[in-house]
Every structure is written in structure tokens, then in C-alpha cells.
Number of protein chains: 2
Amino acid sequence: MARPQRRTVRDIRRGNRAVLLRALYFSGPTSRNDLTARTGLSAATVSTMTADLLGENIVVEAGQVESDGGRPRVLLRVNPEYGFAVGVDVAETHVRVGLFDLEMTERAKVDYMLRPARHDPELIARHILAGVEVVLSDAGVSPEQVLGIGVGVPGIVEPGADGVIHATTFGWDGVPLGALLRRGTSLPLYVDNGAKTMGQAELWFGSGRGASEAVIVLLGVGVGATIVADGTTFRGVSSSAGEWGHTKIVANGRPCRCGGRGCLEAYIGIEAILDRAGVTSRGDWEEDLAGVLASKSPVVEETVTYLGVGLANLVNLVNPEKIVIGGWVGVQLGESLLPDIRRATAANSLAEPYAATSIVLGRLGPDAVALGAATLVLEEFLNAPQVARITAAG
Amino acid sequence: MARPQRRTVRDIRRGNRAVLLRALYFSGPTSRNDLTARTGLSAATVSTMTADLLGENIVVEAGQVESDGGRPRVLLRVNPEYGFAVGVDVAETHVRVGLFDLEMTERAKVDYMLRPARHDPELIARHILAGVEVVLSDAGVSPEQVLGIGVGVPGIVEPGADGVIHATTFGWDGVPLGALLRRGTSLPLYVDNGAKTMGQAELWFGSGRGASEAVIVLLGVGVGATIVADGTTFRGVSSSAGEWGHTKIVANGRPCRCGGRGCLEAYIGIEAILDRAGVTSRGDWEEDLAGVLASKSPVVEETVTYLGVGLANLVNLVNPEKIVIGGWVGVQLGESLLPDIRRATAANSLAEPYAATSIVLGRLGPDAVALGAATLVLEEFLNAPQVARITAAG
DNA sequence: CATCTTAGTTCAGAGGCGAAAACAAGCACC
DNA sequence: GGTGCTTGTTTTCGCCTCTGAACTAAGATG
């Protein structure tokens, strides 16, 4: 029942151009000849299309490589300075703004600390807008060169132009962050859930690279997941798909801060782990968690079991080829306990889907949220790179 | 990271043809004029394309309708007799083979009872092949008119041409049913999990009609789900996605026939319900369940709660616009308890995704498995209806 | 019967792709 | 250095698809 759209001959060009650009982007420096093989396009088409892209400065030459006996291949690659993307991570404790070139190399960044419980939407919007100006001037990039701004936020982001957010932890219920930002900038905006942007980052540049069906889970203060179907983030009807943390693993179990009972997050969220271990934190959760892990307390094993149950449910329901465990809690747990986590998952999932899944740790650090947010911009660029742009760089 | 394919001008035609045919199929009798509006194609294209389709007998005229003042519109529709599809339901107690025309009207059917525990693959394959011959001759349809055979089976079906099946309840572990059938017929074969074919049927012709993001759950002896993403069944990497019945809702809970503990199926599968109610069945499960429901035993409320938890997990994780409850247990429960089920689901899911979801009962009876299996053939036909076929009908 | 209205068809033109020919640029060898 | 060989890239040409516009079809109306 998929609803295909009508197509016209122009769409072909656009689509093939995206295919070509993606191949170029992900294969690194590549010759035209290789591109015909990789894309399946004819040499003629590759030739004319690369000529266009070179003319628009989207693609640049990148040296030559000799070919045994014949004319050397000219290597091409996407011009990393054709444009830039801003990635923003709005977290509980800080707002981070990063500027990335098209290769996703960070060119500048700036942090704004948030006083606890100070999550005024206006303030956050001001931080973001100020941050954008700062990173641009730090890196010497002009606004015209920026392809867009991606923002990762906690909570659920409604689909639509206003970027309306529901984030219980912030006390935000229906905050139109996108609209607030729109007042201060005319650049394209992409607002998405932070777990999803992190997932996007791991999918494109981290441990999930190349996977077409995957789940990237984020274990931190909150617990979330990004479900990737057919290579793209699965969003569901109102963009909240992947709320794994509040799926129930114990009917009528421990109370959760969401108001429910028995949520996964109520067992393996960092606060839950510490609580179950009887630790009263003095502020440094990472240290606290390390202490629990070192203690050989039964809480560790229980945590692994609960996580295994949660992961197994994903294995059964989603049947991914890869599960990436990210977030700082996830990585800290996984470093020592990955085999146990795998075992616990296997014990709770069906044999066939479990056999098809590999469970790995995330590779990107906590900056992945901002990187992933910038990747939203990159994705758009790779999908529809047709607007001719004027750049000073090159 | 979706990987688009290169396209050539020919693909446009194929794609637009599919768009047109789908519009024609789902809008019923439609004029060319309406089709231009519905498909977005130009009148010229619609004209030439419908001429082709009429010439191939895929589409036929279906009367006229006057248009105020001008030339009357000629109505067109898909020729229901252009081809036929066979749908097969392989269940624990029987094998059912149905023949459907393109409008999915059943033209003939035949049942083969299976003795309990008699699930020899060869036997089942023979039943299916014999059944195909029977329904064809009963309906007076020749094999050349059949577009394909869809088969719904229990258990997990590996992707690939051999249709390899893992069905614990049948004692099948790696049975290549597709290959077995291939020996006896040269018609196109589509083998899929029965819960998925039922889901497909509800999605196309039942309560799920028109939904793009949906979940169709099947409650019966087993418990399963079909996850629909962007209008198509989501299969995961090895085609086993949707194994909802063995997701855990009580870590370390009741033992399940799958060997695990705390599976949803161990609470709301029919055997589990009866067991929890202390009923020792004398064979008629439907009656037993009716008895339990009438008894006002606390088991009923518990069952609703467990189901609510299971559904809530789907709401949170998948964020569907619609959940369809199917399967005979599902319908029997839902008939009296749907409001309670909704309440239990709401209590265990996040507010935003719950608000976006409507929970409804399935509309199609137990025949939906075979119908859905036939729909696999129909789907293929609507996607790529390009092979010119010779038919006697029309 | 002339005119109006709406439906459907035909035709010319633009834009796309691919096959193959042509061109480019090295290497090897005499 | 010239000649042929090999491989990479560009150009040419034919075929295909879509669309807009002109055109034909068919009924209603007065």
C-alpha cells in the first residue's frame, strides 16, 4: 500500500544526481570510472553530471591515480567547503553549538551552561542563535555558506514547521522551538529528538555505518532508541517512534518518573541503577556508576538482565541487523559487560532474529548529538543538492 | 542513508503505470479525467497509458457518467478477471486454499484437515498443490490466468527464493516449503508468515485501510504483529520483525512455550488465559474463552492489563496511527472489552503517541490469512503490472 | 443548428538516459 | 620518435518519457 508518487523526467535527473553525490560522499575520492560501476549509471551520464557538479563547485578534483597501462583516473570528491552545517545539542545541563563542514569536521563550537531547572525556551533559543553567530565568526564562515541548522532536543518533537516540543524533563509541553528560532534566522532549520540525532550520527559515521535495518539505543539519564528501517530513521505517525525507555518490561513494576510503572528506564536509567544499588549520589554520576560496576553488587547483574530484556524485545520486534549501544551509561556498561549483555539478550529473544543481530558499542562520544543534528542538514543536502549556491570558498 | 537506485526513463513509465493502476484499483470506477487529478499525471499521459492498459485488457470500461453540460466521462476500472491469485493458509489444524480474482472476491476454496501433530512438510506441500488444482478447476480458471500463489504459514520465513521456514509449533526448523512447492508448479510463489498475511489483509481491505503507519496484532493461539511503516509491511533484516508475542512484559515471569519467560504470549495467548483462569479445556477454546469472559473472574481484568501493556509498548516504540486487533481471541476480547483495552493501553503509554493512535478491532474473519496471502500476489501485480499476458477472460 | 461545456487524443518539443564512436592520455616496444 | 595497446572521459546520436497546447469528440442548451 505504499503510495508512490508520479515522476517526471526531471525527477530522474534529481534522483540520479543524489545517487551520484552519495556515492561520491561515502566512497571518498573516486574516479568517474568507478562511479559508473558504483552507481550503475552510464559513463555518459556520469560525465555530464560530474561536469555540472564541478561547475557548481559542489565537487572538486582530488588528484589522479595511475591505471595500469591506460589513461590515469582523475579522482573527484565532494568539496568539504561547499557548505557548512550547524549542529546543536540541547541537553539538560548545557546547550552546545557546533559548526561542521560537509565532511563533518568540527570547525568551531561553543557551550552554554544551563543552571539547573532553568529551561526557559526563550533563553535556550537565544543561546542557540548566539551560538550560531559565535561559531560562524570563529570559523570565518559567512551565513550564506551555511546549509542549515540541525537541533537535537530531549523529548518528543512534533512533525511540522514549528518544531513543537514536548519534554517532560524540561517542563516543556508544546514549546515551538522551531518558531522561536525562525524569528532570529532565515537558515533552514531541522529540529529532532536528541536520541534520534545521536542515532543518526552513529548510523552515518559510527558503529552503525552501512546498516540498513538497525537500532541505536541511547542509555543515559533517559533511555531512548532510534529505529532505522531501510536506511532511514523510522519516525512513526507523529515522529515519536523509538520511545523505548518507557516500554514496560515488568507489568506493574517500579514507578518511573514518567508516571508509569515498570518502564525500562525505571530499571536501567542511571538514576534507577543508582537507586537500586542504594547509592545516594553526590553529583558525579559517572563516578557513582563506576563504583557500582566495581562493587560486584548483584545490581550489576540485574541491570544487565533488564537491559537484555529490553534489547531482546527490540530484537524480536524490529529484527535489526545491528544494535548499537550508545550514550555514556551504555558505553560504560558495555565496556566491561558487553558479552554479558549479549548473553542476556540471547536468553530473552528468539533464536532466528537474535542470530541475525550483532550487538556493538557506540563509537562516538557525547558529541554525537550535535554531530547527528548537523547530519540532518547533510542528509538534506545529499538528497536534493540542486540549488545552485554562491560560495566564496572553493 | 537510504540507498536510492539509479533510474532511467523506462523506470518512470513503469512507476507511473503502477501509480495509475493503484489509483484505478483503489478508487473503483474512475474516469480518465479524475485520474489526472488523482495521480498528478497530465491528461496526455493518462490517455496514452490507459489506452495501453485497455489494449492489454488489464483495464476495462465500466460505463459512463454524465458531466454537467459536456461530454460524458467514461469510467474505467481494473479488469477483475484479468488474472487470479491463489491464497493459502497453512494453520495448525488445516490447510486452506482459496482462489481470488483481482478484486479479491473468493471464487473457490478447499480445506484439508490436518491430523494433530501431523505436519509433514511433504504432505503440506502436496495439499497445497492439490488444492491449487482443485480451486482452479472448480472455478474454471486455467493456470495461465493465475498471477501467483501466496502462502501464509506459522513461524518465521527466511527471506530468499526457497521460502525456508522455522516454525516451532510445527516442529519445522529450516523447512524449504517454497522449494518443495516449486517442484510442483511454475507459478510465482510468495511465502510469508501468517500473521503478516493477515495483517496485509486488514491493511488493504479491513480496518487498517489507508493507514500508512500501523500495527495489526493477531491474538489467537499464538500472538503476533504486523508492523506497517510507510504503507508497507516492515520485515527487518531477516524478515522476522513483528514477533510481538515473545517480547517480555514481565522480566523473569511466566514460562512460555518458546522456552523463555515473561513473554506476552505467556499471558494473553489463549492457552495462557485459560491456564490462568484455571480452565481445563475440553477442546473448544472459543467456548472456554467465552466462559472466562462471562465469569467476571479477575483473570479478565488481568488479561486486559497485560494486553494493554503489550499494546502500549507498540504505541511507544512504533507510534502508529492505528492499531488493529485481529485474530479470533482478539476479536472476542475486543467485542466486550475494547474500551477497557484502550484504557489499559493509555495507562501504560506516553501521552503524545497514545493520542496519535486509534485502537480498533479487525473486520476480517479467520479467512483473512488466506486473503492476505493472495494479496501478496496482488501487491506484486499493482507494483509491476508490465508483463503482457494473454487471457481468455475479459 | 450554432454555441457552450467538458472529456479525451494527438502532436511537437524539451529533457533524460545509454550505446557507441571519438577523443585523451599514458605505456611498451621497436 | 612512431605505432599500437590500454584505459578513462567526452561527445554524438537515437530512443524514451513527460507535458502543454492545439485539436477532436460528444453531449447540453436554446
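Naming: A, B, ... by sequence-line order, numbering from 1 per chain.
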Is any side-chain N of the basic residue among [X] and [Y] closer than 4.0 Å to the acidic one's carboxylate O?
| X | Y | result |
| --- | --- | --- |
| B/Glu81 | B/Arg107 | yes |
| A/Glu66 | A/Arg71 | no |
| B/Arg13 | B/Asp52 | yes |
| A/Glu202 | A/Lys322 | no |

Quickly work out the [X] [atom1] to [N] [atom2] distance and round it to whole Å.
| X | N | atom1 | atom2 | value |
| --- | --- | --- | --- | --- |
| A/Leu41 | C/dG16 | CG | P | 13 Å |
| A/Arg17 | C/dG15 | CZ | P | 16 Å |
| B/Leu20 | D/dT19 | CG | P | 12 Å |
| A/Glu61 | D/dG8 | CD | C1' | 13 Å |
| B/Arg6 | C/dC17 | CZ | P | 10 Å |
| A/Asp52 | C/dC17 | CG | P | 10 Å |
| A/Arg73 | D/dT6 | CZ | P | 17 Å |
| B/Asp11 | C/dG18 | CG | C1' | 13 Å |

Given [options], identify the nucleotide with an atom nearest to the side chain of [X].
| X | options | value |
| --- | --- | --- |
| B/Thr8 | C/dT9, C/dC17, D/dT9 | C/dC17 |
| A/Ser47 | D/dT9, D/dC16, D/dT10 | D/dT10 |
| B/Arg32 | D/dC16, C/dT9, C/dG16 | C/dT9 |
| A/Ala44 | D/dT17, C/dA20, D/dT19 | C/dA20 |

Within less than 4.0 Å of OP1 or OP2 of [N], is there a side-chain N or O belonging to [X]?
| X | N | result |
| --- | --- | --- |
| A/Asn16 | C/dG16 | no |
| A/Ser42 | C/dA19 | no |
| A/Arg7 | D/dT17 | no |

Which pairs, protein N/O on one side and nucleotides 26-30 of chain C N/O on the other, fall under 3.5 Å?
{"residue": "C/dG26", "atom": "N2", "partner": "A/Gly69", "partner atom": "O", "Å": "2.5"}
{"residue": "C/dG26", "atom": "N3", "partner": "A/Gly69", "partner atom": "O", "Å": "3.2"}

Classify the angle between the aromatic ring planes of B/Phe234 and A/Phe234 as parallel (below 30°), tilted (30 to 60°) or perpendicular (above 60°). parallel
With nearest nucleotides of DNA chain D determined for A/Leu75 and B/Arg13 from heavy-atom distances, which residue corresponds to the more 5′ nucleotide?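 In this pair, the answer is A/Leu75.
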Identify, between B/Thr48 and A/Met49, the residue whose nearest nucleotide on DNA chain C lies closer to the 5' end. B/Thr48
If you look at every strand shown and take non-hydrogen atoms under 4.0 Å, does B/Val74 touch a base, only sugar-phosphate, or nothing? sugar-phosphate
With B/Arg235, which of B/Thr226, B/Asn193, B/Asp192 fulfils side chain to side chain donor-acceptor pair (under 3.5 Å)? B/Asp192
B/Glu321 side chain to B/Ala211 backbone, donor-acceptor under 3.5 Å: no
Measure the OG1-CG distance between B/Thr30 and B/Leu35 for me, rounded to the nearest 0.5 Å.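 That separation rounds to 5.0 Å.
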